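Structure record follows, encoded as structure tokens.
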Amino acid sequence: MKQRVLALLNSEIKRDIVLEKPRDRSFGHFATPIAFAMAKELKRSPIDIASELVELFSKDAMFTNVEAVKGYLNLKLSEDFLDEYASWALANQDEFAKGNESSTILLEFVSANPTGPLHIGHARGAVYGDTLLRLGRHLGHQITAEYYVNDAGNQIDLLGTSLMLEGQANILGLDVEYPENYYRGDYLSELAKIAADTYGKEVFLDAKKIKDVTLWAKDEVLKMIVSDLAAINVHFDTFVSEAELYNDWDRVMDILKANGGTEEIDGKQWLKSSLKGDEKDRVIVREDGRPTYLAGDIIYHHQKFERKYDSYINIWGADHHGYISRVKAAISFLGHDENKLDIQLSQMVSLLKDGEPFKMSKRAGTVIGMNDVVEEIGSDALRFMFASKKSDTALEFDINDLKKQDSSNPIFYVNYAHARIQTILEKSELGREEIMAASLKGLSEDADNLLFEAMLLNEVVEDAFNSRQVQKVTDYLKGLASTYHKFYYDHKVIGTQDEAKLLKLFLVVALSIKTGLSLLGIKAKDRM
RNA sequence: GCGCCCGUGGCUCAACUGGAUAGAGUAACGGACUUCGAAUCCGUUGGUUACAGGUUCGAAUCCUGUCGGGCGCACCA
């Protein structure tokens, strides 16, 4: 809808126009403060300019009313236009709220180390990334969802050693002392049991086998992560192994060197990232020749850019924000446009339990697992709640609140609106064809408002994706559900003269809710 | 100490990225079922948008400073 209005306005006004949804519907469907901007340029009163604009557009069939109020230009869409758009949407449900974008995007998210199960903080990044993925694809973007697997380095070695110790302690019954920073937890006990069955119990004492066991354990943990993610409808297209990247290190290093991006000091290779806005230079190859973690990220991003996507999105935990400038510096040294990489941070989730801060530690084994929470409240509630918070602000919630499964949870409120529509459709004696044949013209004012709101999904999706703020979708759905509930309470439908019309209107509302929820990875409920 | 993010009713969050009277949920209180699902709806109370300046037609939003909080400041990942 918005595009068509903008297209019309732009045919007369050659500049960027902001179309707003007025707070008060009596101001119309759309409004624009364009006269203020023009006033500055033309050095004339915005009120005069707005009045002139009224003359320009009031005759168009798209609008039933155009007026100037205090410098704002308020537009009211015509019934013909709204009826036509709604009928089209119902006849082409799969196309509803879609866009015409076509760019290719590589979206990397989660990328948690395969050293243990995902915790509640990872879930936030997963939900955020997957929601962006769904929104972007709906708009037409061709997006690849990728998981970068950190399967090299100390953390992985630590997983192997931790597993060996776990086996010695719990399978062989030996007296073992755990160093402080080793991994603990139920998943390790489980893994040890399976390892004992697969390799035999003696494996835990065989120092030569530790490498094999480590690799095996890493794969098992990754499988666990993938299946936990599947439980909240998050799926990846590609997985990239950090360990395999290092085969390409020499080649990438040569490019960095050739472009003056490195310097050798004290037998170490440094990335001269301070030249590109980083606080200081960074070691990328240690004295003994082993590349650092950053080296892996450099190869990874170089290969990403060689895969030639139009743009790239990374979703990182906020504790990695210090990494942004050094990775971008490396990308720039490698001859790529670092502005094509958009790094979004997913802020910490801090947990409370009975009002007290609840500290998590993967190594101490006191982690709130993502799957534990999913078991308690279900994927839908978890996804809706996480999606409804801006990703770059810290989020705090009480574990006990999450366990509640009542109306205070907004997903129930939205689902209830959808379910109510299904029920009333079943109660009605009218068939689908009779309903579809009805016209949406001549509706009451509040029905017209509901219709318009239901048809705004595309604008919301576009706004949410482009600003990377997925909570706009949940806000919209809560608002639409509220408008619907209110309307439902105020109006009787079955048996009235307008029954077919109103049911058609409800079909549009249901379509919008169902589509909106699907973009959040949630299947709308027909019954509560 | 330096860098990044943030500070909005008691609590959890919005505010179309500079626009009209700062909105929802929750909590508290009071109302609405003989009626398509009351898991709903309506109303009341609650705000100097941390504070102080500045920019302009216009600021929660941008700039400067102060105060407060989170995260980071590895040759760990």
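Naming convention: chains lettered A, B, ... in sequence-line order (proteins, then strands); numbering from 1 in each chain. Quantities reported herein were computed from a predicted structural model and do not represent experimental measurements.
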**Study point:** Under-4.0 Å side-chain N/O to phosphate OP1/OP2 contact, A/Tyr488 with B/C42
**Key:** no
Exercise for review: Look at the side chain of A/Tyr323 and the base of B/A74, then say whether one donor and one acceptor between them are separated by less than 3.5 Å.
Suggested key: no
Practice item. Examine B/G37: is either OP1 or OP2 under 4.0 Å from a nitrogen or oxygen in the side chain of A/Lys427? Give yes or no. Key: yes
Check your understanding: When you compare B/C51 with B/G10, how far apart are their P atoms, in angstrom units rounded to a whole number?
Key -> 13 Å
Review point. Taking only residues two or more places apart in sequence, or in another chain, which ones meet A/Leu275 in a side-chain contact (heavy atoms from CB on, under 4.5 Å)?
Key: A/Lys272, A/Phe333
Point to revise | Same-atom distance (C1') from B/A74 to B/G9, integer angstrom | key: 44 Å
Practice item. Look at the side-chain N and O atoms of A/Lys478 and state whether any lies under 4.0 Å from the OP1 or OP2 oxygen of B/A14. Key: no
Point to revise | Where RNA chain B forms stems, i.e. three or more consecutive Watson-Crick or G-U pairs with both distances under 3.5 Å | key: B:1-7 with B:67-73, B:10-13 with B:23-26, B:28-32 with B:40-44, B:50-54 with B:62-66
Exercise for review: May I ask you to say what A/Ser467 touches in the nucleic acid, namely base, sugar-phosphate or nothing, with a heavy-atom cut-off under 4.0 Å?
Suggested key: base
**Study point:** Value in whole Å for how far the P atom of B/U17 lies from NZ of A/Lys472
**Key:** 8 Å
Study note, to complete from the structure: Sorted by chain and number, sequence neighbours left out, ring-ring contact (aromatic ring centres under 6.0 Å, His included) with A/Phe63 holds for none
Exercise for review: Could I get the full list of side-chain hydrogen bond (donor to acceptor under 3.5 Å, both in side chains) partners for A/Ser512, not counting sequence neighbours?
Suggested key: A/Tyr476
Review point. Think A/Arg420 has a side-chain N or O under 4.0 angstrom from the OP1 or OP2 of B/A39?
Key: no
Exercise for review: Would you mind listing every salt bridge (Lys or Arg N to Asp or Glu O under 4.0 Å) that reaches into residues 415-428 of chain A, with sequence neighbours excluded?
Suggested key: A/Glu426-A/Arg527
**Study point:** Selection residues 313-323 of chain A - residue pairs positive for salt bridge (Lys or Arg N to Asp or Glu O under 4.0 Å), sequence neighbours left out
**Key:** none
Taking only nitrogen or oxygen atoms into account, show me every contact under 3.5 Å that the protein makes with nucleotides 3-6 of chain B, one pair per line with its distance.
| residue | atom | partner | partner atom | Å |
| --- | --- | --- | --- | --- |
| B/G3 | N2 | A/His321 | NE2 | 2.7 |
| B/C5 | O2' | A/Asp392 | O | 3.0 |

Exercise for review: List in chain and number order the residues that pass side-chain contact (heavy atoms from CB on, under 4.5 Å) with A/Asn458, two or more places apart in sequence or in another chain; answer none if no residue qualifies.
Suggested key: A/Gln3, A/Ala97, A/Leu139, A/Glu462
**Study point:** Lys/Arg N to Asp/Glu carboxylate O, A/Glu338 vs A/Lys276, below 4.0 Å
**Key:** no
Review point. At under 4.0 Å, does any side-chain N or O of A/Gln471 touch on OP1 or OP2 of B/A15?
Key: yes
Exercise for review: Identify the two heavy atoms, one from A/Val283 and one from A/Thr292, that lie closest to each other, and give their separation to 0.1 Å.
Suggested key: O-OG1, 3.1 Å
Review point. Is a donor-acceptor pair below 3.5 Å formed from side chain A/Tyr489 to base B/A32, judging by atom type as modelled?
Key: yes
Check your understanding: Base, sugar-phosphate alone, or nothing: which one does A/Thr292 contact when heavy atoms must sit under 4.0 Å apart?
Key -> sugar-phosphate
Exercise for review: Could you work out the separation of B/C57 and B/C71 based on their P atoms and round it to a whole Å?
Suggested key: 43 Å
Check your understanding: Once you round it to whole Å, what is the distance between P of B/A77 and NZ of A/Lys218?
Key -> 16 Å
Study note, to complete from the structure: When rounded to whole Å, the CD1 to P distance for the pair A/Ile34 and B/G58 reads 19 Å
Practice item. Name the nucleic acid region contacted by A/Asn74, choosing base, sugar-phosphate or nothing; use a 4.0 angstrom heavy-atom cut-off, strictly under. Key: base
Exercise for review: Indicate, with yes or no, if the rings of A/Tyr148 and A/Tyr300 have centres closer together than 6.0 Å.
Suggested key: yes
Exercise for review: Just call it for A/Lys492: base, sugar-phosphate, or nothing, with non-hydrogen atoms closer than 4.0 Å on any strand.
Suggested key: base
Review point. Roughly, in whole Å, what's the span from OH in A/Tyr413 to P in B/A24?
Key: 11 Å
Point to revise | Sugar-phosphate, base or nothing in reach of A/Ala31, heavy atoms under 4.0 Å | key: base
Review point. Going by modelled atom types, is there a donor-acceptor pair between the base of B/A74 and the side chain of A/Asn154 at under 3.5 Å?
Key: no
Point to revise | Phosphate OP1/OP2 of B/A15 contacted by A/Gln469 side-chain N/O (<4.0 Å) | key: yes
Practice item. Check side-chain contact (heavy atoms from CB on, under 4.5 Å) between A/Asp248 and all other residues, then give those that pass, not counting sequence neighbours. Key: A/Arg251, A/Val252, A/Ile299, A/Gln303
